[in-house]
There are 2 protein chains.
Amino acid sequence: MRIKRETDYAIRCVNYLAMRHGQIAVIGDISKNAFVPRKFLAKILQKLARAGIVTSHRGVKGGFELARGPSLINFLEVIEAIQPVEMNVCALDDRLCALSDTCAVHPVWIEVREEVRRVLAKRNFAHIKTAGAGTGTG
Amino acid sequence: MRIKRETDYAIRCVNYLAMRHGQIAVIGDISKNAFVPRKFLAKILQKLARAGIVTSHRGVKGGFELARGPSLINFLEVIEAIQPVEMNVCALDDRLCALSDTCAVHPVWIEVREEVRRVLAKRNFAHIKTAGAGTGTG
DNA sequence: TCTAAACAAGACTTATTTAGTCCTCTTTTT
DNA sequence: AAAAAGAGGACTAAATAAGTCTTGTTTAGA
């Protein structure tokens with residue numbers, strides 16, 4: 001049970017922007033500092049922008065910045081900007097499992113999913129200790 | 001972020017054995033009732049047996065049964081018999097990410113992983129309401 | 001108003017993982 | 001010894017993940 005690499009990249013990217021909150025950063029800059037492949041990062045930033053987590057500026061002097069303060073952005077939203085937190089398919093959408101109606105385990109998956117989402121929602125980007133150099137992968 | 005189908009099958013399989021705790025069930029029987037492909041289920045049961053969750057009996061009159069009472073088996077162990085709970089790769093093993101040492105996000109993934117594991121460990125197979133017919137998928 | 005520096009977006013490609021099947025072997029009861 | 005189980009490795013196909021490529025649009029500034 002693992003997040004996608006893309007999601008890890010998104011978290012690191014947001015973390016980098018959080019460290020330089022207030023400044024506009026260009027894709028190439030974020031790419032180098034968060035160690036994310038440039039082209040791939042461009043896609044990720046688009047998703048974060050659509051989710052309202054970052055703001056993009058086009059044109060010469062363009063780039064990206066956080067849409068809000070780091071303390072107002074949590075892990076859950078960043079993750080869900082990239083991929084759903086499902087745990088089990090049925091917990092996200094009953095219709096994806098033919099047996100949900102009668103299944104005794106189904107309600108447990110629903111509960112588990114909600115608890116996990118709460119765990120993720122508790123962490124925001126002001127919580128992260130920017131101790132020293134670190135921007136690296138997790 | 002999702003468990004594998006195989007893991008879902010394992011949970012349903014253990015749940016079925018929990019419902020008929022005390023009896024030995026044959027693969028074909030479990031397969032029909034838990035709606036898991038027979039050959040695939042055989043593999044899953046091997047993993048559950050190696051993990052000490054079920055006991056296998058070979059030969060004629062053979063089959064499988066729970067190794068302990070349903071209240072003594074939790075979601076986490078069944079899941080981890082099939083796949084690790086990682087969240088992010090680095091949270092399972094630092095060495096899988098070159099940047100773990102300096103990464104500011106790394107410690108957060110470690111915490112999150114432990115909390116998620118606790119959430120899963122809280123659910124055991126006595127907790128599951130076997131209300132009516134239900135054995136279906138989640 | 002032209003140009004260069006940015007981002008936007010969809011199509012495409014490749015690698016990896018998942019979800020199984022198949023075949024052969026061993027064990028155990030009758 | 002025969003038949004009914006499980007054990008285990010090799011193999012395959014489908015799905016998903018991870019990225020690249022190409023072309024287009026926006027904007028600041030000379």
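Each chain gets a letter, A, B and so on, in the order its sequence line appears, and its residues count up from 1.
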Could you check whether B:Leu45 gets within reach of a base, just the sugar-phosphate, or nothing at all, counting any heavy atom under 4.0 Å? nothing

Winner on side-chain proximity to A:Arg58, out of D:dA10, D:dG24, D:dG19, is D:dG24

If I take atom NZ in residue B:Lys47 and atom C1' in nucleotide D:dG9, what distance separates them, rounded to the nearest angstrom? 13 Å

Would you tell me if any nitrogen or oxygen in the side chain of A:Tyr9 comes within less than 4.0 Å of OP1 or OP2 on D:dA18? no

base_contact_polar (D:dG6 base, B:Lys61 side chain, donor-acceptor, <3.5 Å): no

Flag if over 12 foreign heavy atoms under 6.0 Å of NZ, A:Lys122: yes

Taking the side chain from A:Arg12 and the backbone from A:Asp8, do they hold a donor-acceptor pair closer than 3.5 Å? no

B:His57 side chain to B:Glu65 side chain, donor-acceptor N/O pair below 3.5 angstrom: yes

Between A:Phe75 and A:Phe125, is the ring centre distance below 6.0 Å? yes

Closer to the 5' end of DNA chain C via nearest nucleotide, is it B:Lys39 or B:Gln83? B:Gln83

Could you state the atom-to-atom distance from CD1 of B:Ile44 to C1' of D:dG6 in whole Å? 15 Å

Between B:Gly59 and B:Arg2, the residue closer to the 5' end of DNA chain D by nearest nucleotide is B:Gly59

Quick check for you: name the first and last nucleotides of DNA chain C, 5' to 3', having an atom under 4.0 Å from a heavy atom of chain B. C:dT18 to C:dT29

What is the distance, to the nearest angstrom, from the CD1 atom on A:Ile82 to the P atom on D:dA17? 12 Å

To the nearest angstrom, how far is A:Phe64 atom CZ from D:dT26 atom P? 15 Å

For B:Gly63 and B:Val60, find the nucleotide of DNA chain D closest to each by heavy atoms; which residue's nucleotide sits nearer the 5' end? B:Val60

Test item: side-chain donor near acceptor, B:Gln83 and B:Thr7, under 3.5 Å: yes

Nearest-angstrom distance from the residue atom CG of A:Leu41 to P of D:dT20: 11 Å

Phosphate OP1/OP2 of D:dA7 contacted by B:Arg50 side-chain N/O (<4.0 Å): no

Tell me every residue that passes side-chain contact (heavy atoms from CB on, under 4.5 Å) with B:Ala121, counting only those two or more places apart in sequence or in another chain. B:Asn74, B:Leu76

So does A:Arg20 pair up with A:Asp29, basic N to acidic O under 4.0 Å? yes

Figure out the NZ/C1' separation between A:Lys4 and D:dT16, and round it to whole Å. 8 Å

Taking atom P of D:dG8 as reference, at what distance in whole Å does atom CZ of B:Phe40 sit? 17 Å

